[in-house]
Amino acid sequence: MNNEQKKRRVLAYILLLITLLAFSSIEVVSKPLMDKVDPFFMTSFRFLIGGLFLILFVKQDPEVKDVIPITIIGALNSVISMTSLQLAVKYSNASTAATLVASNPIFVSLFASFVLQEKYPLKKYIGIGLGFVGIFIFSLGKIKGDSWLGIFFGILAAITFGLYTVLMRKYTKKYGPLLVTAYSSLCSSLVYITLLVAIRKFTIPTQVDFVGWIIVIYLGFIVTGVAYLTYFKAMETLGATQSSRLFFLKPLVATVFALISLGETLSIFKILGMLIVLISLAL
């Protein structure tokens with residue numbers, strides 16, 4: 001490996017670190033706003049801002065016939081999965097929501113096995129089973145601030161994100177992840193906002209102060225925009241498999257953030273469940 005290649009790898013790891021910190025902050029920074037900002041508005045606005053940012057870096061257009069399926073599948077992420085995540089944050093602790101949604105690779109493997117007929121070695125299936133055990137034990141470790149409703153939404157977020165990932169593979173292979181993420185985020189957010197306006201649920205928060213709006217914009221511009229871009233740029237050097245391993249660290253980093261900034265606590269069951277989930281993801 002020459003010096004230029006070493007520099008590129010170092011830069012890629014720095015970009016991955018930026019991605020990890022941003023992705024791990026979603027639940028923690030949004031938690032204080034849950035009594036002031038409607039989760040539906042926050043999610044739709046977040047993906048609108050993120051989609052507008054990412055679209056600036058797209059160098060080609062998808063075929064017209066693919067825009068609708070990309071939008072529909074994208075809605076699994078922006079409308080259902082990420083809204084469920086915000087509801088999990090609203091009704092449970094930030095660390096709980098972060099750990100549950102980070103279990104999505106378990107469901108990616110499960111859906112890929114059924115939908116795409118992918119075959120795995122035995123240890124992968126053991127990992128899937130172990131992951132479900134970990135989620136179950138983690139859910140039993142409810143502490144003050146957690147609720148079964150929040151846990152339900154956290155698991156729903158992981159399941160639907162897993163399904164979104166599998167169904168979108170056809171298009172990520174055809175166009176690349178950046179284009180697909182940009183178009184699916186932007187187009188599905190426009191559909192989401194239109195739907196919320198139609199049913200009169202698009203509520204612009206009026207009691208949010210300047211700092212609150214900075215957080216909302218941060219979730220859109222940095223977390224859904226910049227962090228995805230740094231992730232895809234790192235992927236160009238490190239590859240998809242190695243880059244995706246950063247998601248294994250999200251529960252730990254998000255939990256540390258929650259402990260420090262929100263004063264959350266952990267129970268033995270939550271620690272044990274988190275460890276089992278992390279081990280299952282590594283198999």
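Not measured: the values here are computed from a predicted model.
Crowding of Lys90 atom NZ: a count of heavy atoms from other residues, nucleotides or ligands under 6.0 Å exceeding 12. Under a cut-off of 6.0 angstrom, the local environment of CZ in Phe232 is crowded, with over 12 non-hydrogen atoms contributed by other residues, nucleotides or ligands. More than 12 heavy atoms of other residues, nucleotides or ligands sit less than 6.0 Å from atom CG of Leu56. The 12-atom threshold is not exceeded at CZ of Phe136, counting heavy atoms of other residues, nucleotides or ligands nearer than 6.0 Å. Within a 6.0 Å sphere centred on NZ of Lys201, other residues, nucleotides and ligands contribute 12 heavy atoms or fewer. Surrounding CZ of Phe111 are more than 12 heavy atoms belonging to other residues, nucleotides or ligands, all under 6.0 Å away. Surrounding CD1 of Ile199 are more than 12 heavy atoms belonging to other residues, nucleotides or ligands, all under 6.0 Å away.
Both Ile217 and Met34 belong to a single network of hydrophobic side chains, linked directly or stepwise wherever heavy atoms of I, L, V, M, F, W or Y lie under 4.5 Å apart. At a threshold of 4.5 Å between side-chain heavy atoms, the hydrophobic network of Ile, Leu, Val, Met, Phe, Trp and Tyr places Val64 and Ile68 in two separate groups. One hydrophobic cluster, built from ILVMFWY side chains closer than 4.5 Å, holds both Phe57 and Val226. Cluster membership check: Val28 does not share its hydrophobic cluster with Ile260, using side-chain heavy-atom separations under 4.5 Å among Ile, Leu, Val, Met, Phe, Trp and Tyr. Val67 and Leu190 are members of different hydrophobic clusters when ILVMFWY side chains are connected at heavy-atom separations under 4.5 Å.
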Residues Ser44, Leu196; criterion side-chain contact (heavy atoms from CB on, under 4.5 Å); working and verdict:
CA-CA 9 Å; Ser44 61; Leu196 291 175; 3.9 Å; yes

Run Thr96 and Asp146 through side-chain hydrogen bond (donor to acceptor under 3.5 Å, both in side chains) and show every step you take. CA-CA 8 Å; Thr96 299; Asp146 283 337; 2.8 Å; yes

CA sep, side-chain torsions, deciding dist, call: Val58, Leu54, side-chain contact (heavy atoms from CB on, under 4.5 Å) | CA-CA 7 Å; Val58 173; Leu54 290 174; 5.8 Å; no

Can you check side-chain contact (heavy atoms from CB on, under 4.5 Å) on Ser84 and Phe161, steps first, answer last? CA-CA 10 Å; Ser84 296; Phe161 187 83; over 6 Å; no

Decide salt bridge (charged side-chain N to carboxylate O under 4.0 Å, His left out) for Glu63 and Lys174; before the verdict, give the C-alpha distance in whole Å, the side-chain angles of both, and the deciding distance to 0.1 Å. CA-CA 10 Å; Glu63 295 178 30; Lys174 183 176 182 179; 3.2 Å; yes

May I have the step-by-step check of side-chain contact (heavy atoms from CB on, under 4.5 Å) for Phe107 and Leu163, ending in yes or no? CA-CA 7 Å; Phe107 298 100; Leu163 182 59; over 6 Å; no

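The shortest side-chain heavy-atom distance between Ser78 and Ser189 does not fall under the 4.5 Å cut-off. The side-chain heavy atoms of Leu156 and Thr160, taken from C-beta on, include a pair separated by under 4.5 Å. Counting only heavy atoms from C-beta outward, the side chains of Phe202 and Phe41 approach each other to under 4.5 Å. Side chains of Leu52 and Leu186 form a contact here, defined as non-hydrogen atoms less than 4.5 Å apart. Looking at heavy atoms from C-beta onward, Met82 lies out of side-chain contact with Ile26 at the 4.5 angstrom threshold. A heavy-atom distance below 4.5 Å is found between the side chains of Thr255 and Leu266. In this structure, the side chains of Leu16 and Leu20 stay at 4.5 Å or more apart for every pair of heavy atoms. Side chains of Val216 and Arg46 form no contact here, defined as non-hydrogen atoms less than 4.5 Å apart.
Considering all non-hydrogen atoms of both residues, Met42 and Leu219 come closest at SD-CD1, 3.8 Å. The two residues Ala254 and Ser24 come nearest to each other via the heavy atoms CB-O, 3.4 Å. Between Ile70 and Val180 the shortest heavy-atom distance is CG2-O, 4.2 Å. Nearest heavy-atom pair across Val79 and Ser188 is CG2-O, 4.3 Å. Residue Arg169 comes nearest to Val108 through the heavy atom pair NH2-CG1, 3.5 Å, listed as atom of the first residue, atom of the second, then distance. Heavy-atom minimum distance, Glu27 versus Ala97: CG-CB, 4.1 Å.
Note: Ser30 OG to Ile215 CD1 = 8.5 Å, rounded to the nearest 0.5 Å. Atom-to-atom distance recorded for Leu167:CG and Ile72:CD1 is 11.0 Å, nearest 0.5 angstrom. The CG atom of Leu17 sits 8.0 Å away from the CD1 atom of Ile14 when rounded to the nearest 0.5 Å. Atom CE of residue Met168 and atom NZ of residue Lys173 lie 14.0 Å apart, to the nearest 0.5 angstrom. Here the CZ-OH distance, from Phe40 to Tyr192, works out to 5.5 Å after rounding to the nearest 0.5 Å. For the atom pair Thr172 OG1 and Lys170 NZ, the distance stands at 11.5 Å (nearest 0.5 Å).
Side-chain N or O atoms of Thr99 include none that pairs as donor or acceptor with a backbone N or O of Met274 at under 3.5 Å. Between the side chain of Thr224 and the main chain of Gly50, no donor-acceptor pair closer than 3.5 Å is present. Under the 3.5 Å distance criterion, the side-chain polar atoms of Ser92 are left unmatched by any main-chain donor or acceptor of Val89. Looking only at distances, no side-chain donor or acceptor of Asn77 sits under 3.5 Å from a matching main-chain atom of Gly74. Ser113 contributes no side-chain N or O that, together with a main-chain N or O of Ser109, makes up a donor-acceptor pair within less than 3.5 Å. Here the side chain of Asn93 pairs a donor or acceptor atom with the backbone of Lys144 at under 3.5 angstrom.
A donor-acceptor contact closer than 3.5 angstrom links the side chains of Ser25 and Tyr218. In this structure, a donor-acceptor pair under 3.5 Å is absent between the side chains of Tyr13 and Thr237.
Between Phe45 and Trp213, the angle of the ring planes goes over 60°, which puts this pair in the perpendicular group of the 30/60° scheme.
The residue from Thr71, Asp61, Asp66 that alone fulfils the side-chain hydrogen bond (donor to acceptor under 3.5 Å, both in side chains) condition with Tyr183 is Asp61. Just one of Phe221, Phe47, Tyr228 meets the ring pair (Phe, Tyr, Trp, His ring centres under 6.0 Å) condition when paired with Phe53; it is Phe221.
Look at Lys270 and Glu264 and you find no salt bridge, because none of the NZ, NE, NH1 or NH2 atoms lies under 4.0 Å from a carboxylate O.
Aromatic rings of Phe138 and Phe269 (six-membered ring for Trp) have centroids beyond the 6.0 Å cut-off, not under it.
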